[in-house]
Engineer: 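Have a look at this one.
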There are 2 protein chains.
Amino acid sequence: MTFYSPGQVVDKTGFSLDTLRYYERIGLLQEIGRTAGGRRRFTETDLLWLLLLRCLRDSGMPIAQMLRFVELTRGGDDTIPDRLTLLEEHDQQIDKQIARLRANQQQIQTKIRHYRSKLQPDR
Amino acid sequence: MTFYSPGQVVDKTGFSLDTLRYYERIGLLQEIGRTAGGRRRFTETDLLWLLLLRCLRDSGMPIAQMLRFVELTRGGDDTIPDRLTLLEEHDQQIDKQIARLRANQQQIQTKIRHYRSKLQPDR
DNA sequence: CCTTGACCTGGAGCCTGCTCCAGGTGCGAT
DNA sequence: ATCGCACCTGGAGCAGGCTCCAGGTCAAGG
């Protein structure tokens, strides 16, 4: 069984050490194992979970909703439909975000063209 | 000349009244005109500016950078190249955001498929 | 007139999501 | 042994971006 030190997890997930501890405190991670000396010892599973959290965070899911997801996960296989729903809704949120970004980008590009035409009146 | 009341601007821009006042305070809006009685009286120009701000905010530009943009705007036509640069950079930021969202969405969709397969083992 | 609802100001408060201390311990290398 | 660095805990602090409040004013309809 392979374990990861906090520092390794920082490197692999991009979360800061403080953020890892914070996530543990608020319940986004459950019961990280410890060495005899009291240091955290992350498993492969912990790591995968963290990578999923990273995905969700980076795609804009609020922590409150991630907590909901954690809760469901603790509820066993019966909650899979709910988890699925949660992820599907988030997936749609991402679509919306992308659409909004693109629409705003259109406007901004119009503005950019406007400025360019002011710089080079001909052509 | 057409003017807009605060309430109309709220409706047209989607910013709350408090946000409008806040933006004025921190300098994102310059000197909004007033009626005899002291109420704000937005011009068409103010409105267009606000709509641009909305675009920038909604596409993730931090307020500090919008302030930089305002400053440049106050600097007259000489700052057009700088403004152009700022917008072009932001435009690229948006591209990056979209790319990141897509990448994260891929992962999430993989997870979704995984859950689906758990629900319907066959087919 | 009077009421009522939109608006005014200054300043405090709030929510999210971390981030930073202070003071102490574990442990691999020299 | 002991140095030094990674790590520990509890709790405070911070940045960004609004949002709310109290106490007052303006103005249009009845």
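Here the structure is a predicted model, which is why all the values come from computation and not from measurement. Sequence lines set the chain letters: A, B, ... in the order given, protein chains first and strands last, and positions in each chain run from 1.
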Engineer: Whole angstroms only, please: what is the CZ-P distance between A:Arg54 and C:dC18?
Structural biologist: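 Nearest whole value for this atom pair: 8 Å.
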Engineer: Need one value for B:Arg40: base, sugar-phosphate or nothing, where a base atom within 4.0 Å counts as base even if backbone is also close, heavy atoms only.
Structural biologist: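 If one applies the 4.0 Å heavy-atom cut-off, B:Arg40 turns out to touch the sugar-phosphate alone, with no base involved.
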Engineer: Taking the nucleotide of DNA chain C with the nearest heavy atom to each, does B:Gly7 or A:Ala36 sit closer to the 5' end?
Structural biologist: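 On the 5' side of the pair lies B:Gly7.
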Engineer: Taking atom C1' of C:dG28 as reference, at what distance in whole Å does atom CD of A:Gln8 sit?
Structural biologist: 14 Å
Engineer: Has the side chain of B:Asp18 got a donor or acceptor atom sitting under 3.5 Å from an opposite partner on the base of D:dC20?
Structural biologist: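 Per atom types, the contact qualifies.
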Engineer: Going by modelled atom types, is there a donor-acceptor pair between the base of D:dC26 and the side chain of B:Arg39 at under 3.5 Å?
Structural biologist: yes
Engineer: So that I know where these two stand, are B:Phe3 and B:Phe42 an aromatic pair - ring centroids less than 6.0 Å apart?
Structural biologist: no
Engineer: Assign A:Arg25 to base, sugar-phosphate, or nothing according to its heavy-atom contacts below 4.0 angstrom with the strands shown.
Structural biologist: base
Engineer: Could you give the CE-to-C1' distance, from A:Met66 to C:dT16, as a whole number of Å?
Structural biologist: 11 Å
Engineer: Check the side chains of A:Arg39 and A:Thr35 for a donor-acceptor pair under 3.5 angstrom, ignoring hydrogens and angles.
Structural biologist: no
Engineer: Starting at the 5' end of DNA chain D, which residue's closest nucleotide do you reach first, B:Arg21 or B:Met61?
Structural biologist: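 Result: B:Met61.
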Engineer: Heavy atoms under 4.0 Å, any strand shown: does A:Tyr23 hit a base, just sugar-phosphate, or nothing?
Structural biologist: sugar-phosphate
Engineer: For the pair A:Asp46 (side chain) and A:Thr43 (backbone), establish whether a donor and an acceptor sit closer than 3.5 Å, ignoring hydrogens and angles.
Structural biologist: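 Yes, A:Asp46 side chain to A:Thr43 backbone: donor-acceptor pair under 3.5 Å.
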Engineer: State, yes or no, whether a side-chain contact exists between A:Leu47 and A:Trp49 at a heavy-atom distance under 4.5 Å.
Structural biologist: no
Engineer: Looking at D:dT19, I'd like to know if its phosphate oxygens (OP1 or OP2) sit under 4.0 Å from a side-chain N or O belonging to B:Thr19.
Structural biologist: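 For B:Thr19, the contact criterion (side-chain N or O under 4.0 Å from OP1 or OP2 of D:dT19) is met.
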Engineer: Using OP1 and OP2 only, check whether a side-chain N or O of B:Ser5 sits under 4.0 Å from C:dC7.
Structural biologist: yes
Engineer: Separation of A:Arg34 atom CZ from D:dC8 atom C1', in whole Å?
Structural biologist: 8 Å
Engineer: For the pair B:Arg40 and B:Glu31, find out whether any cationic side-chain nitrogen is under 4.0 Å from an anionic carboxylate oxygen.
Structural biologist: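 Here B:Arg40 does not pair with B:Glu31 in a salt bridge, since their nearest N and O are not under 4.0 Å apart.
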Engineer: Considering just the side-chain nitrogens and oxygens of B:Ser16, establish if one lies under 4.0 Å of OP1 or OP2 belonging to D:dT19.
Structural biologist: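 Yes, within the criterion.
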Engineer: Specify the residue among B:Gly38 and B:Pro62 whose closest nucleotide of DNA chain D lies further upstream toward the 5′ end.
Structural biologist: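 Residue closer to the 5' terminus by nearest nucleotide: B:Pro62.
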Engineer: Of A:Gly37 and A:Phe15, whose closest DNA chain C nucleotide lies nearer the 5' terminus?
Structural biologist: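 Its nearest nucleotide lies further toward 5', so the answer is A:Phe15.
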Engineer: How long is the line joining CG of B:Asp11 and P of C:dA6, in whole Å?
Structural biologist: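 After rounding, the gap between these two atoms is 11 Å.
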Engineer: Whole Å only: how far is the CG atom of B:Leu17 from the P atom of D:dC21?
Structural biologist: 14 Å
Engineer: Grab the CZ-C1' distance between B:Phe3 and D:dA27 for me, whole Å please.
Structural biologist: 18 Å
Engineer: Could you state the atom-to-atom distance from CD of A:Glu24 to P of D:dG11 in whole Å?
Structural biologist: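 So the two atoms are 16 Å apart, to the nearest Å.
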